[in-house]
Amino acid sequence: MEIIIQPNPGVATSLAARLLGKTIREKPDAVLGLATGGTMEALYRQLVAAKLDWSGVTTFNLDEYVGLPPDHPQSYHHFMGENLFHHINMSPRSINIPDGLAASIPAECEAYERKLSATGGIDLQLLGIGTDGHIGFNEQSSSLASRNRIKTLTPQTRKDNARFFASEEQVPHHVITMGIGTILESRHCVMLAFGARKAKAIAGAVEGPITSMNPASALQNHPKVTVILDEAAAADLILKDYYRWVYEQKPDWQKI
Ligand code: GLP
């Protein structure tokens with residue numbers, strides 16, 4: 001894993017935006033795995049401002065709430081439209097987000113997985129992290145080999161995400177999410193985490209044992225992961241000085 005610690009979320013987000021911009025410029029038909037959550041909002045704003053050419057890009061989102069229609073203000077369909085897709089030149093046909101209203105959730109999950117492999121797989125997968133270490137909506141105790149499927153949210157995640165809803169009762173219990181096994185097949189995983197409330201999950205994911213109790217720790221088994229943090233999210237890392245030194249000493253050709 002490459003751990004990049006930046007002074008604040010603004011600088012860290014700019015770095016992630018540069019990395020995504022570089023990917024799209026170098027591979028105009030890139031397949032991107034996209035994430036939602038508060039952490040991604042500033043990143044999508046910067047990507048919109050960068051006026052990239054998205055016409056050849058295909059995207060697959062990580063997850064969606066079960067039972068929310070696409071125009072529900074808290075659905076991830078709506079989030080993606082508002083934050084990114086309505087502002088870029090992507091063809092709607094190239095946008096993939098799980099259908100939380102599908103008549104058969106297992107069939108929807110299988111079809112999503114099939115479509116993803118038919119595109120040749122994800123070049124760059126963006127990831128946030130939950131306060132308990134979840135990626136996508138792969139909650140604690142998820143199989144580290146899991147594929148797209150329905151999951152039940154933990155009380156902690158429903159509490160964390162309640163800030164986007166009028167009340168906690170309105171947060172759905174069920175979601176569709178890419179599995180951890182699916183995520184691990186992406187060619188490059190880029191995880192962003194900012195703020196003190198993510199410090200424990202990040203320390204576990206990066207330096208803890210690989211365990212389903214911190215689903216993001218499965219990324220230790222992936223050959224190419226970039227973790228972009230602010231100081232607060234990096235606070236509990238034992239080797240933080242080492243990561244800083246490594247990044248500062250990078251030769252120019254390795255820099256983002
Ligand atoms: C949700 C999403 C995750 C995201 C997490 C963190 O649970 N399903 O993909 O990583 O929120 O969100 P935030 O960036 O708002 O802390």
Side-chain angles (χ1 to χ4, degrees), residues 6 8-10 12-13 16-17 32-47 59-68 72-80 82-84 96-98 100 109 112 122 124-142 146 148-165 168 170-180 182-184 186 189-202 204-206 214-219 225-230 232-235:
Q6 296 288 288
N8 58 58
T13 300
L32 301 180
L34 298 182
T36 53
T39 310
M40 299 299 153
E41 289 172 7
L43 174 64
Y44 293 147
R45 266 198 304 277
Q46 290 203 22
L47 289 175
T59 61
F60 284 85
N61 262 79
L62 280 169
D63 44 17
E64 178 57 290
Y65 290 107
V66 169
L68 297 192
H72 186 287
Q74 303 314 333
S75 76
Y76 286 165
H77 276 79
H78 189 265
F79 175 99
M80 290 308 299
E82 291 292 303
N83 287 282
L84 186 67
N96 299 281
I97 306 177
C109 291
Y112 201 74
I122 291 174
L124 187 154
Q125 174 67 58
L126 260 180
L127 296 167
I129 187 170
T131 54
D132 55 1
H134 74 248
I135 48 176
F137 267 134
N138 293 282
E139 295 283 36
Q140 287 180 309
S141 84
S142 286
S146 49
N148 293 355
R149 70 211 183 292
I150 189 168
K151 282 294 290 181
T152 305
L153 296 181
T154 61
Q156 182 60 51
T157 298
R158 291 188 63 245
K159 227 183 240 58
D160 285 348
N161 288 1
R163 69 189 194 280
F164 299 112
F165 291 79
E168 196 177 317
Q170 292 184 15
V171 183
H173 284 271
H174 294 105
V175 293
I176 295 176
T177 181
M178 262 190 215
I180 297 177
T182 320
I183 292 169
L184 291 178
S186 314
C189 291
V190 178
M191 188 157 79
L192 266 60
F194 308 140
R197 68 189 186 101
K198 301 290 175 72
K200 190 164 159 271
I202 284 295
V206 173
N214 182 325
S217 66
L219 295 169
V225 178
T226 307
V227 182
I228 304 179
L229 306 171
D230 70 347

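Order of appearance sets the numbers: ligands from 1, and atoms from 1 within every ligand.
Residue, atom and distance of the protein heavy atom nearest to atom 2 (C) of ligand 1 are Tyr76 OH, 3.7 Å. Regarding atom 14 (O) of ligand 1, its nearest protein heavy-atom neighbour is Thr39 OG1, 2.4 Å.
Among the atoms of Ile129, some N or O lies under 3.5 angstrom from an N or O of ligand 1. Residue Lys198 has at least one N or O atom closer than 3.5 Å to an N or O atom of ligand 1. Taking distance alone, with nitrogen or oxygen atoms compared against 3.5 Å, Thr36 stays at or beyond that limit from ligand 1. Considering backbone and side-chain N/O atoms, Met40 never comes within less than 3.5 Å of an N/O atom of ligand 1.
Residue Asp63 holds its CG atom at 10.0 Å from CD1 of Ile176, rounded to the nearest 0.5 Å.
Per-residue contacts place Asn161 under 4.0 angstrom from the following atoms of ligand 1 (heavy atoms of the residue considered): 1 (C), 7 (O). Atoms of ligand 1 lying under 4.0 Å from any heavy atom of Gly128, numbered from 1 in the order shown and given with element: 10 (O). With ligand atoms numbered from 1 in the order given, ligand 1 contributes 1 (C), 5 (C), 7 (O) to contacts under 4.0 Å with heavy atoms of His134. Ligand-side atoms of ligand 1 in range of Arg163: 13 (P), 15 (O), 16 (O), range being under 4.0 angstrom from any heavy atom. Near Gly37, meaning under 4.0 Å from any of its heavy atoms, are these atoms of ligand 1: 12 (O), 14 (O), 15 (O). Of all atoms in ligand 1, listed by their number and element, those nearer than 4.0 Å to a heavy atom of Gly136 are 2 (C), 3 (C), 8 (N), 9 (O). For ligand 1 and Phe137, the ligand atoms under 4.0 Å from any heavy atom of the residue are 1 (C), 7 (O), 8 (N).
Using modelled atom types, one finds a donor on one side chain and an acceptor on the other under 3.5 Å when comparing Thr157 with Glu139.
Between Phe165 and Tyr65, the gap from one ring centroid to the other is short of 6.0 Å.
Taking the side chain to side chain contact (heavy atoms under 4.5 Å, CB included) definition, one finds that Arg158 meets it with Leu153, Val171, His173, sequence neighbours left out.
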